[in-house]
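To start, the structure under review is shown below, and the notes come after it.
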Amino acid sequence: MAGAKMTDEELMSHDASGMLGVLDAFPEQVSEALEIGMSDVALPDASGITDVTILGMGGSGISGDVASVLAPLYGARIPVLASKQYSAPAYLGPGSLVFAVSYSGNTAETLAGFAEARDRGARVVAVSSGGALSERCGVEGVPLFGIPGGLQPRASLGYLFVPIICALERMGLLSNAMRDLRGSLPVLESRRAQYSIASGIDDNPARRLARDLIGFLPVVYGVEGYLAVAALRWKCQFNEMAKIPAFHNYFPELNHNETVGWQNLREICSQAHVIALCEPGLPERLEKRIEVTLDLIGGSVAHTTRVFARGSNTIERLLDVFYFGDYASVYTALELGQDPTPVERIDELKKRLAG
Ligand code: PA5
């Protein structure tokens with residue numbers, strides 16, 4: 001069936017575990033996550049915090065990338081960094097605020113970082129739907145944002161990152177981010193109307209892009225800041241939803257290496273579909289780089305496509321471009337006849353590592 005044009009019914013028959021429905025509920029997820037973030041979880045003392053670190057891997061870890069790009073735009077004047085490894089960063093100490101984020105609560109790297117952060121006297125907060133992390137929080141009296149279980153981590157972004165933003169704002173480290181999150185809800189609803197399967201293919205850019213991607217390797221380029229995180233997110237969603245290889249990079253850094261790399265291995269290069277994530281009104285120095293780069297590499301790759309994030313502030317644009325990528329990756333999966341939900345290799349890997 002892959003490659004043929006499928007009807008809506010044929011496409012949906014591959015969505016055995018209902019990922020499209022989960023994506024359709026994303027605006028409600030963000031709204032509920034705001035309530036969770038505003039709930040009466042007692043946060044650590046906010047005085048003298050020198051740095052913020054978000055520990056987490058994969059679908060949970062992306063919440064740290066999102067928080068780290070949003071925080072400076074909403075007033076953070078201290079470093080806010082994501083950490084995706086077993087070891088907690090060496091700078092952690094009593095002045096550090098640490099978020100340990102694990103959807104399952106059982107991720108080995110995050111649990112190791114959590115323990116190390118606690119040993120170093122950092123002020124720790126967790127976000128999880130259960131598992132060993134939630135248990136340890138209960139035993140050790142660590143504040144926990146408990147989020148609903150039963151989803152895939154990569155389909156829980158709202159639950160995972162919104163409480164972090166709320167906590168930072170409630171602790172006086174950010175301002176106006178919750179206002180913009182609330183304001184993004186009607187925008188997300190209007191994007192859902194456009195990206196969901198109910199919208200006809202001519203009006204649905206996520207579905208059209210998925211069709212254009214069949215048979216090609218997605219290479220997703222972002223731009224420094226939130227669009228670089230969006231490029232990472234798109235790449236991971238193509239990997240996990242569609243089970244295809246995908247790569248990402250961002251401007252301007254990619255101009256100093258990867259731009260040259262499209263010159264040889266012509267057959268492989270000609271399989272790539274380069275997607276440049278951008279926004280209207282980028283600074284001229286970045287806009288020009290995108291235009292010149294796509295022109296330089298255009299003859300070596302199969303396709304180049306530009307996707308523009310839409311919205312009146314960074315949170316709206318970030319959520320828009322993430323939402324677009326989520327749907328595009330799920331439609332790509334379904335066009336390939338692939339159920340987007342299971343990630344058997346991750347499950348198998350975790351099983352073998354635990355055994
Ligand atoms: O999408 C996935 O399933 C993975 O990337 C997980 O998010 C990752 O393995 C970490 O697990 P968890 O999110 O439960 O901490």
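Every number for a ligand or one of its atoms is a count from 1 in the order of the listing.
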What protein heavy atom is closest to atom 5 (O) of ligand 1, reported as residue, atom name and distance in Å? Gly59 N, 3.0 Å
With atoms numbered from 1 as shown, which atoms in ligand 1 lie under 4.0 angstrom from a non-hydrogen atom of Thr107? 10 (C), 11 (O), 12 (P), 14 (O), 15 (O)
Taking 4.0 angstrom as the limit and counting only heavy atoms of Met57, give me the atoms of ligand 1 inside it, by number and element. 7 (O), 8 (C), 10 (C)
Less than 4.0 Å between a side-chain N and a carboxylate O, is that true for Asp8 and Arg207? yes
Got a salt bridge between Glu335 and Arg211, using NZ or NE/NH1/NH2 to carboxylate O under 4.0 Å? yes
Find all atoms of ligand 1 within a distance of less than 4.0 Å from any non-hydrogen atom belonging to Ser102, and give their numbers and elements. 12 (P), 14 (O), 15 (O)
Any nitrogen or oxygen of Gln152 lying under 3.5 Å from a nitrogen or oxygen in ligand 1? Just yes or no. no
Could you list the atoms of ligand 1 found under 4.0 angstrom from a heavy atom of Gly58? 5 (O), 7 (O)
Given the options Asn255, Val223, Leu282, Arg289 meets side chain to side chain contact (heavy atoms under 4.5 Å, CB included) only with Asn255
Min over Gly131, Ala100, Ser60 of heavy-atom distance to atom 13 (O) of ligand 1 lands on Ser60
Of the listed options Pro342, Ala108, Ser104, closest to atom 14 (O) of ligand 1 (non-hydrogen atoms): Ser104
Basic-acidic side-chain contact under 4.0 Å: Lys84, Asp65: yes
Checking the N or O distance criterion of under 3.5 Å, is ligand 1 in contact with Thr110? no
Around atom 1 (O) of ligand 1, find the nearest protein heavy atom and jot down its residue, atom name and distance. Glu240 OE1, 2.5 Å
Hey, could you give me the CD1/OG1 distance between Ile290 and Thr304, rounded to the nearest 0.5 Å? 11.5 Å
Is Asp326 salt-bridged to Arg154, cutoff N-O under 4.0 Å? no
Backbone or side chain, does any N or O of Val101 fall under 3.5 Å from an N or O of ligand 1? no
Salt bridge check, Arg285 against Glu291: does any charged N sit closer than 4.0 Å to a carboxylate O? no
Salt bridge flag under 4.0 Å for residues Glu28 and Arg192: yes
Atoms of ligand 1 under 4.0 Å from any heavy atom of Lys350, numbered from 1 in the order shown, are 8 (C), 9 (O), 10 (C), 11 (O)
